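Here is the structure we will look at, set down as C-alpha coordinates.
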Amino acid sequence: MNELIIVGAGGLGREVLQYALDTFSSNSTIRIKGFLDDNVSELSNFHDKLAYEIIGNTDSYKVQEKDRFLLAVGNPNTRKMLVEKLEQRGAEFISLVHPKAYVSPSAKLGKGVIISPFATIATHSVLSDHVVLGFYAHVGHDAVIGSYGVLSPYAAVNGGTVLEELGFLGTHAVVTPNRKVGRDAQIAAGAIVYSDVPANRLALGNPAKFGPKLSALSSKSD
Ligand SMILES: CC(C)(COP(=O)(O)OP(=O)(O)OC[C@H]1O[C@@H](n2cnc3c(N)ncnc32)[C@H](O)[C@@H]1OP(=O)(O)O)[C@@H](O)C(=O)NCCC(=O)NCCS
(Lines give C-alpha, C1' and ligand atoms only; values in the text may rest on other atoms or scores of the structure.)
Protein backbone atom coordinates (compact mmCIF):
# COMPACT_ATOMS: atom_id res chain seq x y z
CA MET A 1 0.00 0.00 0.00
CA ASN A 2 1.33 3.48 -0.87
CA GLU A 3 1.48 6.21 1.75
CA LEU A 4 0.39 9.77 1.04
CA ILE A 5 2.33 12.77 2.29
CA ILE A 6 0.94 16.29 1.94
CA VAL A 7 3.65 18.92 1.52
CA GLY A 8 2.49 22.01 3.42
CA ALA A 9 0.35 21.94 6.57
CA GLY A 10 -1.18 25.43 6.24
CA GLY A 11 -4.73 26.21 5.12
CA LEU A 12 -4.23 24.70 1.68
CA GLY A 13 -2.64 21.61 3.25
CA ARG A 14 -5.69 21.05 5.43
CA GLU A 15 -7.95 21.51 2.40
CA VAL A 16 -5.92 18.98 0.45
CA LEU A 17 -6.12 16.56 3.40
CA GLN A 18 -9.91 16.66 3.16
CA TYR A 19 -9.80 16.19 -0.63
CA ALA A 20 -7.55 13.18 -0.10
CA LEU A 21 -9.97 11.72 2.43
CA ASP A 22 -12.86 12.32 0.00
CA THR A 23 -10.96 10.86 -2.95
CA PHE A 24 -8.90 7.98 -1.60
CA SER A 25 -10.85 6.72 1.42
CA SER A 26 -12.42 3.80 -0.41
CA ASN A 27 -9.22 3.11 -2.32
CA SER A 28 -7.19 0.53 -0.46
CA THR A 29 -4.00 1.23 -2.47
CA ILE A 30 -3.16 4.44 -0.59
CA ARG A 31 -3.31 5.59 3.01
CA ILE A 32 -2.55 9.01 4.42
CA LYS A 33 0.72 9.21 6.34
CA GLY A 34 0.90 12.91 7.34
CA PHE A 35 2.32 16.32 6.41
CA LEU A 36 5.76 17.71 5.69
CA ASP A 37 6.26 21.31 6.75
CA ASP A 38 9.37 23.35 7.49
CA ASN A 39 7.51 24.95 10.40
CA VAL A 40 7.08 21.98 12.73
CA SER A 41 4.50 23.87 14.82
CA GLU A 42 2.35 24.89 11.81
CA LEU A 43 -0.58 22.81 13.10
CA SER A 44 -0.23 23.70 16.76
CA ASN A 45 -2.25 26.94 16.57
CA PHE A 46 -5.05 25.28 14.66
CA HIS A 47 -8.09 24.86 16.93
CA ASP A 48 -8.97 21.25 16.00
CA LYS A 49 -6.72 18.29 16.61
CA LEU A 50 -6.22 16.61 13.25
CA ALA A 51 -5.85 12.87 12.89
CA TYR A 52 -2.60 13.49 10.96
CA GLU A 53 0.61 15.18 12.06
CA ILE A 54 3.69 16.86 10.64
CA ILE A 55 6.12 13.99 10.23
CA GLY A 56 9.13 15.96 9.04
CA ASN A 57 10.46 18.92 7.09
CA THR A 58 11.31 19.20 3.42
CA ASP A 59 15.08 19.36 4.00
CA SER A 60 15.62 16.31 6.14
CA TYR A 61 12.70 13.93 5.49
CA LYS A 62 14.02 10.64 4.13
CA VAL A 63 11.81 9.60 1.22
CA GLN A 64 10.53 6.01 1.52
CA GLU A 65 9.81 3.72 -1.41
CA LYS A 66 6.04 3.71 -0.85
CA ASP A 67 5.70 7.44 -0.23
CA ARG A 68 3.60 9.45 -2.66
CA PHE A 69 3.40 13.25 -2.43
CA LEU A 70 0.79 15.97 -2.95
CA LEU A 71 1.97 19.57 -3.06
CA ALA A 72 -0.24 21.90 -0.98
CA VAL A 73 1.57 25.25 -1.14
CA GLY A 74 0.04 28.26 -2.91
CA ASN A 75 3.05 30.21 -4.14
CA PRO A 76 4.12 28.97 -7.61
CA ASN A 77 7.83 29.67 -7.09
CA THR A 78 7.82 27.89 -3.74
CA ARG A 79 5.98 24.99 -5.40
CA LYS A 80 8.73 24.68 -8.01
CA MET A 81 11.49 24.85 -5.41
CA LEU A 82 9.84 22.16 -3.27
CA VAL A 83 9.19 19.79 -6.16
CA GLU A 84 12.77 20.08 -7.38
CA LYS A 85 14.18 19.59 -3.89
CA LEU A 86 12.04 16.56 -3.09
CA GLU A 87 12.29 14.93 -6.53
CA GLN A 88 16.08 15.02 -6.21
CA ARG A 89 15.63 12.75 -3.21
CA GLY A 90 13.32 10.37 -5.10
CA ALA A 91 9.91 11.80 -4.22
CA GLU A 92 7.06 10.82 -6.54
CA PHE A 93 4.23 13.34 -6.85
CA ILE A 94 0.76 12.07 -7.67
CA SER A 95 -2.37 13.85 -8.88
CA LEU A 96 -5.66 14.32 -7.08
CA VAL A 97 -8.86 15.02 -8.99
CA HIS A 98 -11.69 15.52 -6.53
CA PRO A 99 -14.77 13.45 -7.45
CA LYS A 100 -16.88 16.63 -7.50
CA ALA A 101 -14.72 18.36 -10.15
CA TYR A 102 -15.59 18.27 -13.86
CA VAL A 103 -12.77 17.29 -16.19
CA SER A 104 -13.47 17.03 -19.90
CA PRO A 105 -12.35 13.64 -21.22
CA SER A 106 -10.37 15.48 -23.91
CA ALA A 107 -8.40 17.60 -21.43
CA LYS A 108 -4.78 16.63 -20.75
CA LEU A 109 -3.53 16.67 -17.17
CA GLY A 110 0.14 16.49 -16.21
CA LYS A 111 1.53 14.82 -13.11
CA GLY A 112 1.14 16.20 -9.61
CA VAL A 113 -1.97 18.27 -10.34
CA ILE A 114 -4.63 18.98 -7.72
CA ILE A 115 -8.17 19.70 -8.85
CA SER A 116 -10.50 20.94 -6.09
CA PRO A 117 -14.24 20.34 -5.78
CA PHE A 118 -16.40 22.16 -8.36
CA ALA A 119 -13.45 23.16 -10.51
CA THR A 120 -14.21 22.80 -14.22
CA ILE A 121 -11.77 21.88 -16.97
CA ALA A 122 -13.15 22.33 -20.46
CA THR A 123 -12.59 20.50 -23.69
CA HIS A 124 -9.06 20.11 -25.12
CA SER A 125 -7.41 22.19 -22.43
CA VAL A 126 -3.97 21.31 -21.07
CA LEU A 127 -2.82 21.45 -17.46
CA SER A 128 0.94 21.01 -17.14
CA ASP A 129 2.70 19.36 -14.20
CA HIS A 130 2.02 20.56 -10.63
CA VAL A 131 -0.88 22.86 -11.45
CA VAL A 132 -3.45 23.44 -8.69
CA LEU A 133 -7.04 24.58 -9.20
CA GLY A 134 -9.01 25.87 -6.20
CA PHE A 135 -12.74 25.55 -5.53
CA TYR A 136 -14.79 26.59 -8.59
CA ALA A 137 -11.73 27.56 -10.64
CA HIS A 138 -12.31 27.28 -14.38
CA VAL A 139 -10.02 26.43 -17.29
CA GLY A 140 -11.69 27.20 -20.62
CA HIS A 141 -11.62 25.15 -23.80
CA ASP A 142 -8.18 24.87 -25.47
CA ALA A 143 -6.53 26.88 -22.67
CA VAL A 144 -3.03 25.91 -21.51
CA ILE A 145 -1.88 26.24 -17.90
CA GLY A 146 1.90 26.05 -17.54
CA SER A 147 3.76 24.13 -14.84
CA TYR A 148 3.24 25.16 -11.20
CA GLY A 149 0.33 27.44 -12.16
CA VAL A 150 -2.14 28.28 -9.40
CA LEU A 151 -5.78 29.23 -9.95
CA SER A 152 -7.34 30.39 -6.65
CA PRO A 153 -11.02 29.81 -5.90
CA TYR A 154 -13.37 31.17 -8.61
CA ALA A 155 -10.51 32.25 -10.87
CA ALA A 156 -11.09 31.70 -14.58
CA VAL A 157 -8.76 31.32 -17.54
CA ASN A 158 -11.03 31.57 -20.57
CA GLY A 159 -10.90 29.63 -23.83
CA GLY A 160 -7.66 29.56 -25.79
CA THR A 161 -5.64 31.52 -23.23
CA VAL A 162 -2.10 30.45 -22.39
CA LEU A 163 -0.83 30.94 -18.84
CA GLU A 164 2.90 30.34 -18.93
CA GLU A 165 4.88 28.55 -16.21
CA LEU A 166 4.54 29.84 -12.60
CA GLY A 167 1.40 31.90 -13.27
CA PHE A 168 -0.85 32.84 -10.36
CA LEU A 169 -4.48 33.96 -10.40
CA GLY A 170 -6.00 35.31 -7.16
CA THR A 171 -9.55 34.56 -6.23
CA HIS A 172 -12.18 35.78 -8.77
CA ALA A 173 -9.46 36.85 -11.23
CA VAL A 174 -10.38 36.43 -14.89
CA VAL A 175 -8.27 36.25 -18.04
CA THR A 176 -10.41 36.80 -21.14
CA PRO A 177 -10.16 34.46 -24.16
CA ASN A 178 -7.07 33.94 -26.31
CA ARG A 179 -4.64 35.97 -24.18
CA LYS A 180 -1.06 35.13 -23.32
CA VAL A 181 0.01 35.54 -19.70
CA GLY A 182 3.81 35.62 -19.44
CA ARG A 183 5.96 33.49 -17.17
CA ASP A 184 5.71 34.13 -13.42
CA ALA A 185 2.98 36.75 -13.82
CA GLN A 186 0.45 37.36 -11.04
CA ILE A 187 -3.17 38.30 -11.58
CA ALA A 188 -4.49 39.91 -8.38
CA ALA A 189 -7.71 38.91 -6.69
CA GLY A 190 -10.66 40.30 -8.64
CA ALA A 191 -8.57 41.55 -11.58
CA ILE A 192 -10.02 41.23 -15.07
CA VAL A 193 -7.41 40.95 -17.81
CA TYR A 194 -8.38 41.97 -21.36
CA SER A 195 -4.94 41.90 -23.00
CA ASP A 196 -1.71 39.92 -22.93
CA VAL A 197 0.20 40.13 -19.64
CA PRO A 198 4.00 40.61 -19.70
CA ALA A 199 6.16 38.12 -17.79
CA ASN A 200 6.96 38.83 -14.14
CA ARG A 201 4.29 41.51 -13.72
CA LEU A 202 1.30 41.96 -11.44
CA ALA A 203 -2.06 42.65 -13.11
CA LEU A 204 -4.38 44.61 -10.83
CA GLY A 205 -7.93 45.92 -11.15
CA ASN A 206 -10.60 46.02 -13.86
CA PRO A 207 -9.53 46.67 -16.55
CA ALA A 208 -6.23 45.30 -15.25
CA LYS A 209 -3.18 47.53 -15.23
CA PHE A 210 0.31 46.08 -15.02
CA GLY A 211 2.90 46.94 -12.42
CA PRO A 212 5.64 45.46 -10.30
CA LYS A 213 4.67 42.58 -8.05
CA LEU A 214 3.65 43.50 -4.50
CA SER A 215 4.84 41.76 -1.37
CA ALA A 216 2.15 39.24 -0.45
CA LEU A 217 2.76 36.57 -3.02
CA SER A 218 6.50 36.87 -3.18
CA SER A 219 6.94 35.92 0.45
CA LYS A 220 3.84 33.92 1.18
CA SER A 221 3.90 30.16 0.67
CA ASP A 222 0.24 29.46 1.37
C1 LIG B 1 -2.35 41.91 -5.25
C2 LIG B 1 -1.88 41.35 -3.93
C3 LIG B 1 -0.83 40.27 -4.18
C4 LIG B 1 -1.28 42.52 -3.15
O5 LIG B 1 -0.93 42.14 -1.85
P6 LIG B 1 0.03 43.05 -0.93
O7 LIG B 1 1.38 43.12 -1.58
O8 LIG B 1 -0.08 42.55 0.46
O9 LIG B 1 -0.59 44.49 -1.07
P10 LIG B 1 -1.41 45.32 0.00
O11 LIG B 1 -2.52 44.53 0.57
O12 LIG B 1 -0.41 45.94 0.92
O13 LIG B 1 -2.05 46.46 -0.91
C14 LIG B 1 -1.26 47.40 -1.61
C15 LIG B 1 -2.20 48.30 -2.39
O16 LIG B 1 -2.81 47.56 -3.46
C17 LIG B 1 -4.25 47.53 -3.32
N18 LIG B 1 -4.69 46.18 -3.64
C19 LIG B 1 -4.28 45.05 -3.05
N20 LIG B 1 -4.85 43.97 -3.64
C21 LIG B 1 -5.66 44.45 -4.60
C22 LIG B 1 -6.53 43.83 -5.54
N23 LIG B 1 -6.64 42.51 -5.60
N24 LIG B 1 -7.21 44.61 -6.41
C25 LIG B 1 -7.08 45.97 -6.35
N26 LIG B 1 -6.26 46.62 -5.48
C27 LIG B 1 -5.58 45.86 -4.63
C28 LIG B 1 -4.51 47.87 -1.86
O29 LIG B 1 -5.77 48.47 -1.69
C30 LIG B 1 -3.37 48.84 -1.56
O31 LIG B 1 -3.69 50.10 -2.10
P32 LIG B 1 -3.17 51.48 -1.41
O33 LIG B 1 -1.67 51.43 -1.51
O34 LIG B 1 -3.79 52.54 -2.26
O35 LIG B 1 -3.68 51.43 -0.01
C36 LIG B 1 -3.04 40.75 -3.13
O37 LIG B 1 -3.92 41.73 -2.62
C38 LIG B 1 -3.85 39.75 -3.90
O39 LIG B 1 -4.72 40.05 -4.71
N40 LIG B 1 -3.55 38.48 -3.59
C41 LIG B 1 -4.27 37.34 -4.07
C42 LIG B 1 -4.85 36.64 -2.87
C43 LIG B 1 -5.65 35.44 -3.25
O44 LIG B 1 -6.58 35.47 -4.03
N45 LIG B 1 -5.27 34.33 -2.64
C46 LIG B 1 -5.97 33.11 -2.81
C47 LIG B 1 -5.75 32.28 -1.58
S48 LIG B 1 -7.04 31.15 -1.36
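What you are looking at is a predicted structure, and each value in this text was computed from that prediction instead of being measured. Whatever order the structure lists them in is the order used to number ligands and atoms, beginning at 1.
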### Message
Using only atom types and a distance under 3.5 Å, with no angle test, would you say the side chain of Asn2 pairs donor to acceptor with the backbone of Asp67?
### Response
no

### Message
Could you tell me, atom by atom, which parts of ligand 1 come under 4.0 Å of a heavy atom of Gly170?
### Response
43 (C), 44 (O)

### Message
Salt bridge or not between Asp184 and Lys213? Use side-chain N to carboxylate O under 4.0 Å.
### Response
yes

### Message
Does only the side chain of Ala188 get under 4.0 Å from ligand 1, or the backbone, or both, or neither? Count heavy atoms.
### Response
both

## Note on the structure
With sequence neighbours left out, the residues meeting salt bridge (Lys or Arg N to Asp or Glu O under 4.0 Å) with Glu65 are none

### Query
Should the proximity of Thr171 to ligand 1, defined as any heavy atom under 4.0 Å, be assigned to the side chain, the backbone, both, or neither?
both

### Message
Only heavy atoms of Leu204, strictly under 4.0 Å: list the atoms of ligand 1 that pass.
### Response
1 (C), 21 (C), 22 (C), 24 (N), 25 (C), 26 (N), 27 (C)

### Message
Restricting to salt bridge (Lys or Arg N to Asp or Glu O under 4.0 Å), what partner residues turn up for Lys100, sequence neighbours left out?
### Response
none

### Message
Quick test of your reading of the structure: of Gly74, Gly190, Ser152, Gly205, whose heavy atom lies closest to atom 46 (C) of ligand 1?
### Response
Ser152

### Message
For Arg183, is there an ion pair with Glu164 - N to carboxylate O distance below 4.0 angstrom?
### Response
no

